[in-house]
Amino acid sequence: MEKAFSLKALGFKAIAGAVLIGSVAWGQYISVEPEQKNVKEIVEMYRLKEKKETVVPGFAFVSSVIYTAETLLNKNGGHVSNDILVNMVPVYDNMANWEYGVLNEVRMATLSLRKELSRSQSQSVEVKEVVDAQTRFTIDNTSWMMPAAEGKYKDGIDLLKIYLHDIADDNDGSDSSFFTRADNLAAWLDHVRSSLGSMSKRLSASGERYRTNIDLAGDKNAEAAKARAQTQDVGTPWLKIDDVYWEARGQTWALIHMFKAVEYDFKPVLEDKNAGPVVRNIIEELEATQRSLWSPVVLNGDGFGIFANHSYTMANFISRANAAVIELEQLLNKG
């Protein structure tokens, strides 16, 4: 009887060990970050070669949005943000946070497509496929049924593909178009500037606790709906530091592809404003955020201490990219 008991115990240990090893291997597999692609590769991925489709203005930008969105579904492990295991075991949430960073940029890009880039003027009619696609991407990324996030995102991607091929086909009878105007690009950059500024501040909060409230600075008559303390606790909780870091990596990964597409689609506009080098500078700063993380964990060293602070390093590159975005906006808004 004792022998039978020991065999059962041994079998249980073996099963537990196999489950542990399998879960670790699965976690490593889904945590592999997708590769970057250059803009010409992405354009060729979506161009209908059998129809000899022409690469028109906007083709690269829309293709880059589609590629970043499809990557959420097609990378290792697929879309994991709504997986039960990922939400139960925080060790596996790096890729879920990376996905959220990418998704936020896809949402802002499709919103800009809906409001500005697919329209010649503010009074012009919205493109139905773009409107419907934009709403699909607003679904909560953690929703796993009724509706499942993946299904809605796939619908959004399919709608963007319809729009993409409409703008490339002069003979389809569609009014869909894309306008490479300086003011349209500036409107998207305004979204990007706000997004990068917020992320930079969130990353910097990993090493600070309190900050003076400047919500009403610059306007002596300004009021807030709710009173706030003069000094605010803005520190990132310790267990959330790596979440913000991986979200930032996803955000900047998506923006690299979109800015390369801007460089391709808006080349005449950028040359007219002599802004090409500024876009190249933005891309270089964003690419620096994708350097390999050699530490097994996101370190949060204290200021000038002996340990690295990966959040501060990421915030540095993002702040510099954001400064270049502001400069680009100013150049585009000049006559």
Do the side chain of Arg202 and the main chain of Val244 share a donor and acceptor less than 3.5 angstrom apart? no

Is any side-chain heavy atom of Val80 closer than 4.5 Å to a side-chain heavy atom of Glu99? yes

Carefully, step by step, assess Trp253 and Leu286 under the rule side chain to side chain contact (heavy atoms under 4.5 Å, CB included). CA-CA 8 Å; Trp253 181 90; Leu286 292 173; over 6 Å; no

Lys75 side-chain N/O to Val32 backbone N/O, donor-acceptor pair under 3.5 Å: no

Could you walk me through whether Leu113 and Gln134 satisfy the side chain to side chain contact (heavy atoms under 4.5 Å, CB included) test, starting with their C-alpha distance in whole Å, then the side-chain angles of each, then the deciding distance to 0.1 Å, before giving a yes or no? CA-CA 9 Å; Leu113 274 170; Gln134 187 264 324; over 6 Å; no

Tell me if a side-chain donor or acceptor on Asn300 pairs with a main-chain N or O of Asn309 at a distance below 3.5 Å. no

Residue pair Leu196 / Gln251, side-chain heavy-atom distance below 4.5 Å: yes

Establish whether Val56 and Val130 are linked, either directly or via other cluster members, by ILVMFWY side-chain heavy-atom contacts under 4.5 Å. yes

Do Leu189 and Phe317 share a hydrophobic cluster (ILVMFWY, side-chain heavy atoms under 4.5 Å, transitive)? no

Please check: side-chain N/O of Asp265 versus main-chain N/O of Pro57, any donor-acceptor pairing under 3.5 Å? no

For salt bridge (charged side-chain N to carboxylate O under 4.0 Å, His left out), just list the numbers for Lys161 and Glu70, CA-CA rounded to whole Å, side-chain angles, deciding distance to a tenth of an Å, and then say yes or no. CA-CA 11 Å; Lys161 286 181 179 178; Glu70 280 197 321; 2.8 Å; yes

In Å and rounded to the nearest 0.5 Å, what is the CD to NZ distance from Glu41 to Lys260? 9.5 Å

With a 6.0 Å cut-off (strictly less than), is the heavy-atom count around NZ of Lys115, excluding the residue itself, greater than 12? no

Does a side-chain heavy-atom distance below 4.5 Å link Val325 with Ile282? yes

Give a yes or no on whether the backbone of Pro268 and the side-chain of Asp272 come within a donor-acceptor separation of less than 3.5 Å. no

Got Met95 and Asn76 here, is their nearest side-chain heavy-atom distance under 4.5 Å? no

Side chains of Phe178 and Asn184: does their closest heavy-atom pair fall under 4.5 Å? no

Counting N and O atoms only, with roles assigned by atom type, does the side chain of Ser195 sit under 3.5 Å from a partner on the main chain of His191, one being a donor and the other an acceptor? no

Contact summary for Asp132 and Thr135, nearest pair of heavy atoms: O-OG1, 2.7 Å

I want to check something: taking the side chain as every heavy atom from C-beta on, are Asp183 and Asn333 in contact at a cut-off of under 4.5 Å? no

Checking Ser143 side chain against Pro147 main chain: does a donor-acceptor pair fall under 3.5 Å? yes

Which value, rounded to the nearest 0.5 Å, describes the distance between Thr54 atom OG1 and Leu48 atom CG? 11.0 Å

Please evaluate residues Glu263 and Val39 with respect to the criterion side chain to side chain contact (heavy atoms under 4.5 Å, CB included), reporting the C-alpha separation (whole Å), side-chain torsions for both, the decisive distance (0.1 Å), and the verdict. CA-CA 9 Å; Glu263 191 177 37; Val39 65; over 6 Å; no

Derivation and outcome, side-chain hydrogen bond (donor to acceptor under 3.5 Å, both in side chains), residues Glu126 and Ser118: CA-CA 7 Å; Glu126 293 181 325; Ser118 67; over 6 Å; no

For a quick test of reading the model, state the closest non-hydrogen atom pair linking Ser204 to Ala315 and the distance between them. OG-CB, 3.8 Å

Is it the case that atom NZ in Lys49 sees more than 12 heavy atoms from other parts of the structure closer than 6.0 Å? yes

Any sub-3.5 Å donor-acceptor pair from Ser112's side-chain atoms to Met108's backbone N or O? no

Say whether Leu293 and Trp98 are linked into one hydrophobic cluster, either directly or through other cluster members, by side-chain heavy-atom distances under 4.5 angstrom. yes

Restricting to non-hydrogen atoms, name the atom on Phe59 and the atom on Arg47 that form the minimum distance, rounded to 0.1 Å. CZ-CA, 3.7 Å

Would you say Tyr153's side chain and His79's backbone share a donor-acceptor pair under 3.5 angstrom? no

Would Ser319 and Ser200 count as a side-chain hydrogen bond (donor to acceptor under 3.5 Å, both in side chains) if you check the C-alpha gap in whole Å, the side-chain angles of each, and the deciding distance to 0.1 Å? CA-CA 6 Å; Ser319 294; Ser200 175; 2.6 Å; yes

Rounded to the nearest 0.5 Å, how far apart are CG of Leu332 and CG of Leu270? 6.5 Å

Might you confirm whether atom OH of Tyr46 has over 12 heavy atoms from other residues, nucleotides or ligands at distances under 6.0 Å? yes

Heavy-atom pair of closest approach, residues Glu105 and Leu255: OE1-CD2, 3.2 Å

Side chain to side chain contact (heavy atoms under 4.5 Å, CB included) assessment of Leu159 paired with Arg136: CA-CA 9 Å; Leu159 287 162; Arg136 298 302 194 279; 4.2 Å; yes

Side-chain donor-acceptor contact under 3.5 Å, Gln36 with His257: no

Val127 and Ser176 have their tightest heavy-atom pair at CG1-OG, 3.5 Å

Could you see if Met45 belongs to whatever hydrophobic cluster contains Val55? Use Ile, Leu, Val, Met, Phe, Trp, Tyr and a side-chain cutoff under 4.5 Å. yes

Would you mind reporting whether Gln290 and Glu33 have side-chain heavy atoms less than 4.5 Å apart? yes

Phe259: which of Trp188, Tyr264, Phe266 passes ring-ring contact (aromatic ring centres under 6.0 Å, His included): Trp188

Side-chain donor-acceptor pair under 3.5 Å between Asn82 and Glu150, yes or no? yes

Quick one: pull up OG in Ser177 and CG in Leu117 and give me the separation to the nearest 0.5 Å. 11.0 Å

Is Phe61 linked to Val102 within one hydrophobic cluster, defined over Ile, Leu, Val, Met, Phe, Trp and Tyr using a side-chain heavy-atom separation of less than 4.5 Å? yes

Distance in Å, Ile318 CD1 paired with Glu285 CD, rounded so as to fall on 0.5 Å steps: 11.0 Å

Search all heavy atoms of Ser311 against all heavy atoms of Val298 and return the closest pair with its distance. OG-CG1, 4.5 Å

From Leu73 CG over to Ile157 CD1, what is the distance, rounded to the nearest 0.5 angstrom? 4.5 Å

Is Leu299 isolated, or which residues cluster with it under the ILVMFWY side-chain rule of less than 4.5 Å, directly or via members? Val297

Can you find a pair of side-chain heavy atoms, one from Tyr100 and one from Trp246, that are under 4.5 Å apart? no

If we ignore hydrogens and angles and just use 3.5 Å, is the side chain of Lys273 paired with the main-chain N or O of Lys334 as donor and acceptor? yes

